[in-house]
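Here is the naming used below: chain letters follow the sequence lines, and residue numbers restart at 1 for every chain.
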Number of protein chains: 2
Amino acid sequence: MSPPATPRYRQLADALIRDIEAGKYAVGALLPTEFELSDRYGVSRHTVREAFRRLADMGLISRRQGIGTRVQAKSAEHRYLASLSTLADLFQYTKRTRLKVLAEHEVKASALLATMLRCKRGQAWLQFDTCRYRIGTAQPISYTQIYVYPEYAAIGEHLAKRSVWVYGLVERYYGERIVEVQQEIGAVAIEPRIAAILGVKPRSAGLQVLRYYIGRGKRLLSVSMNIYPEKRFTISTSWKLEWERS
Amino acid sequence: MSPPATPRYRQLADALIRDIEAGKYAVGALLPTEFELSDRYGVSRHTVREAFRRLADMGLISRRQGIGTRVQAKSAEHRYLASLSTLADLFQYTKRTRLKVLAEHEVKASALLATMLRCKRGQAWLQFDTCRYRIGTAQPISYTQIYVYPEYAAIGEHLAKRSVWVYGLVERYYGERIVEVQQEIGAVAIEPRIAAILGVKPRSAGLQVLRYYIGRGKRLLSVSMNIYPEKRFTISTSWKLEWERS
DNA sequence: AAATTGCATTTGTACGTACATTCTTCCACG
DNA sequence: CGTGGAAGAATGTACGTACAAATGCAATTT
């Protein structure tokens, strides 16, 4: 029996991958055109496009109408992805939690705050100090400061009433879509005021998670700053290899 | 002027998405065949396939030769992805760092260690205590314990000589491919012994990062435990929305 | 000199056809 | 009654054609 014949577009794709990895086509350079390759390998343009599609999926090339096909990366080897099916998965506790709003006030960004919120000094923000509990327990999981634009003041109402997530409110009530979330994780000594709220020793170790919620056109929509006490919470992420060598 | 006409395959894809979200085709059910849709919408099979390809990329459907096209999910809405171009990006410091091996010994997993290493008690591991410096400075960035199987003892040589990453050595010298990395981040009070190495106050706040390196077939290849002192390091991740609603 | 127009190039969309491969179903044969 | 094989149905691969849309460049016009 013949070995399970590999399709032509696959063979062509593999050949191109080899060429790119061998440096025959440098990163940033243009590959031959579809017609050119179709000619050179004696296959139809359709087959070339199918091969290109594969390379594009792997992130090896990028294509632009009127320009051509450009090499984007030398290897698709080590590309690892982590995925969230919902933004709520960023917060990995179960749904059985409740948000309590401790305070709400309008603030003008001090120098320190301006750095954290990535804005100019004096920029006005609406700040919520909140606390999250597992339902049925008195001990909080986390302390959170949430910043939104003052225009979004109405969010305060909803936030107090229903224990939801801010980004959800921003999406629902202001028609903004959260396109990107930047997350910064560090360790901090929990300052006394917050330690009291969380019921831990002042200056004990805590996880600080800063999140920037970004909408269409790089517009910063909201910022949140979470503090999790030691041992009460860990963040886990799973990175998976996207493509396996054929 | 006519508005920038959306291609037919896009229109068809959108129609199908609407139908799926509306529940017209249930999750798990088969969609009409390519020919059927081609007929019904008066487009070529090629166009139907193009539309299906889009849905498949979004993870809404799965296709199997001889069977048909099955609905896999009701909505592709909130799917966010983070990507690493290399595993080295997990560690976000520049390449200008140096690894110093402080100690190397074989250990048998105690109850505590067994939990951390996800293995049975008594399992033998090779443990390296290491420390990472920015080149040219005396102050370490992080303290790291690395665990590998005793069979991989030869790694110690390379680790001491060249300042590389363990997973790279495992991949290179043992022909194992790291297919997945699970990461757990928490806050800890840095214990005195390690605090001394890092040059920080005992029991001050630190970031603890546990990483499980997993090979083909869920085989655990290596585990590392990092401690980063407060303020000296933050982990940043960017999550991007994979698909935008049209 | 600057702006505009038009042409050549390249990928995108869309139609058509044919056969291969994979899987299910059902009928006939042992 | 079970088993094998044929027929049918679905997606996969592969060929062909044609025109549309985006881009860059050169020629032309202002």
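- Counted within 6.0 Å of CZ on A:R118, heavy atoms from surrounding residues, nucleotides or ligands total more than 12; the atom is thus considered enclosed.
- For C:dT10, neither phosphate oxygen OP1 nor OP2 lies less than 4.0 angstrom from any side-chain nitrogen or oxygen of A:R63.
- The list of salt bridge (Lys or Arg N to Asp or Glu O under 4.0 Å) pairs with a residue in residues 27-41 of chain A, not counting sequence neighbours, reads A:E34-A:R45, A:E34-A:R49, A:E34-A:R63, A:E36-A:R40.
- Comparing B:G68 and A:I67 against DNA chain D, the residue whose closest nucleotide sits nearer the 5' end is B:G68.
- Using a 4.0 Å heavy-atom criterion, one finds that A:R45 contacts the bases of the nucleic acid, with or without backbone contacts as well.
- Other residues, nucleotides and ligands contribute more than 12 heavy atoms inside 6.0 Å of the CD1 atom of B:I135.
- Rounded to whole Å, the distance from NE2 on A:H46 to P on C:dC19 is 16 Å.
- When the C1' atom of C:dT24 is taken as reference, atom CZ of B:R64 falls 11 Å away, rounded to whole Å.
- Residues of residues 29-42 of chain A that place a heavy atom closer than 4.0 Å to DNA chain C, in numerical order, are A:T33, A:E34, A:F35.
- Rounded to whole Å, atom P of C:dT10 lies 15 Å from atom CD1 of A:I61.
- Between the CZ atom of A:F52 and the P atom of C:dT10 there is a distance of 12 Å, rounded to whole Å.
- When DNA chain D is scanned in the 5' to 3' direction for atoms under 4.0 Å from non-hydrogen atoms of chain A, the outermost contacting nucleotides are D:dT13 to D:dG24.
- Ring-plane geometry between A:W125 and A:Y147 is classed as perpendicular, the angle between the planes exceeding 60 degrees on a 0 to 90 degree scale with a lower cut at 30.
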